[in-house]
K.L.:
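Sharing a structure here in structure tokens format.
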Amino acid sequence: MKNRTVLLNPGPVTLSDNVREALIRGDWCHREPEFADLTQSINRRLTEVYEKSARTHAAVLMTGSGTLAVEAMLASFAPASTRTLVLTNGVYGERMATMLQAMGRPMEVVGAGWTEPMDLRAAESLIESDPGITHIVAVHHETTTGRLNDVHALGNLCKQYDKALLLDAVSSFGAEEIHFEEWNLMALAATANKCLHGVPGLSFVIAKQDFFGQPTSECGSVYMDVNRYFHTQHGEGYSPFTLAVQPAFALDAALAELNNDGGWRARRQSYRSRASAVQSALQSAGVQTFIPVEEYSSVMTSFELPDGVEYAVLHDSLKEQGFVIYAGQGDFSKSMFRIANMGDITDDDLERLTSALTAFFA
Ligand SMILES: *Cc1c(COP(=O)(O)O)cnc(C)c1O
């Protein structure tokens, strides 16, 4: 147990033995039928994580980190002729605005401060007054702070005004509620190595089947055109480019584990109980949460670094005891630390962690 490292950063996560062992399943060629079958099985099971999406939506698997899937989703679905509205309240929303700008897609940004909720009021008045806006882009769980954005309310607006929702669900897929039909969800992007507990290397886009079409030059990219993947993966099962074979073994095992553990609801429950154990230990030690407790996702909590405590000292002390925590981003790098709840964390790990935190802040 002494050498065990527990990752409490928001992905990649501590692997279960099953997932780690799956990595050495064998040497497979990505152009042999067994790998085509595996690809199709993973895609099918990705759409079954949320029961209702299997009937309406399809998944494509890509080699790259979560950012690749997000950028591919935007490149493939954000239109070149009408405008896309981006709601931001953190690093990841702002990154999507930067991507759309880099692609030269017409867009509007409704921004909020990084500790604020998304500005739904401003978004609604823009949607109401500007018929040129056809697509809405948002982050489900804004990992900058741990805030679970109110995509429920935003999705209702998308439904009401018939706007297509494109969602960064990179750090929520597999652990938070997602309503595909109710939210008018055109597509989401996510990754293997956050709430699904796989390894880095694979990410995916799930989109409504009606919206997959022919590969198009409008996408402005060959590698990121999700239609190219849809045609081959949902045809014979092969991919247009080399998929990360071993991470696919790991994702296969990780999806089986998610299913055996009771699916996304059970995962959310276990994340929540880990979060409240850490939150109450830190609260007793006088450490405050960065935003109100009820506004966090189940996936991660951000805390205020108390006056006089340097992040590096906290980080190094915990790392020596086998725990890797995460700093704040941007302006929060000196005032915040973050503790995520994903991955194979045992009750014993959690007890040792809360004791280590209590001792550090005593
Ligand atoms: C982690 C994360 C990403 C980026 O994923 P990478 O795998 O680091 O590229 C995008 N959006 C959100 C909300 C994330 O948490």
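Not measured: the values here are computed from a predicted model. Only this structure's heavy atoms are used, side chains among them; waters, hydrogens and symmetry mates stay out. Every number for a ligand or one of its atoms is a count from 1 in the order of the listing.
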K.L.:
May I ask you to list the atoms of ligand 1 that are less than 4.0 angstrom from any heavy atom of Thr67?
P.N.:
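Numbered from 1, ligand 1 contributes 4 (C), 5 (O), 6 (P), 9 (O).
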K.L.:
Hey, which atoms in ligand 1 end up nearer than 4.0 Å to a heavy atom of Ser65?
P.N.:
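By the 4.0 Å cutoff, the relevant atoms are 6 (P), 7 (O), 9 (O).
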K.L.:
Hydrogens and angles aside, do Asn193 and Thr191 bring a side-chain donor and acceptor to less than 3.5 Å of each other?
P.N.:
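Yes, a side-chain donor-acceptor pair sits under 3.5 Å.
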K.L.:
May I ask you to check whether Ser302 and Tyr296 show a side-chain donor-acceptor distance below 3.5 Å?
P.N.:
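Yes, Tyr296 and Ser302 have a side-chain donor paired with an acceptor closer than 3.5 Å.
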K.L.:
Check Glu34 against Trp28 and note the closest heavy-atom contact, atom names and distance.
P.N.:
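Minimum heavy-atom separation between Glu34 and Trp28: O-CZ3, 3.6 Å.
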K.L.:
Compute the shortest N/O to N/O distance between Gly66 and ligand 1 and return yes if it is under 3.5 Å, no if not.
P.N.:
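Among all N and O atoms of Gly66, at least one is under 3.5 Å from an N or O of ligand 1.
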K.L.:
Starting at OG1 of Thr301, measure out to CZ of Arg338 and round the result to the nearest 0.5 Å.
P.N.:
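Going from the OG1 atom of Thr301 to the CZ atom of Arg338 covers 11.5 Å.
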K.L.:
Checking a contact table here: which protein heavy atom is nearest atom 14 (C) of ligand 1, and how many Å away?
P.N.:
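The closest heavy atom on the protein side is Lys194 NZ, 3.0 Å.
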K.L.:
Could you find the nearest protein heavy atom to atom 15 (O) of ligand 1 and give me its residue, atom name and distance?
P.N.:
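Heavy-atom neighbour on the protein nearest atom 15 (O) of ligand 1: Thr143 OG1, 2.5 Å.
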K.L.:
Which ligand 1 atoms does His141 reach within 4.0 Å, using its non-hydrogen atoms?
P.N.:
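Checking each atom against His141, I get 13 (C).
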K.L.:
So is there a nitrogen or oxygen of Asp168 less than 3.5 Å from a nitrogen or oxygen in ligand 1?
P.N.:
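Right, the criterion is met.
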K.L.:
Would the distance check show the side chain of Arg268 and the main-chain N or O of Ser297 forming a donor-acceptor pair, the cut-off being under 3.5 Å?
P.N.:
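Answer holds: no.
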K.L.:
Which atoms from ligand 1 have a heavy atom of Ser171 less than 4.0 Å away?
P.N.:
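Going through ligand 1 atom by atom, the ones under 4.0 Å from Ser171 are 13 (C), 15 (O).
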K.L.:
Consider only side-chain N and O atoms of Arg45 and Ser41, and report whether a donor and an acceptor are under 3.5 Å apart.
P.N.:
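A donor-acceptor contact under 3.5 Å links the two side chains.
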K.L.:
Could you check atom 10 (C) of ligand 1 against the protein and tell me its nearest heavy-atom contact, residue, atom and distance included?
P.N.:
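Answer for atom 10 (C) of ligand 1: Tyr92 CD2, 3.3 Å.
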K.L.:
Would you kindly say whether Glu142 and Tyr92 are connected by a side-chain donor-acceptor distance under 3.5 Å?
P.N.:
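Not at all, the side chains of Glu142 and Tyr92 share no donor-acceptor pair under 3.5 Å.
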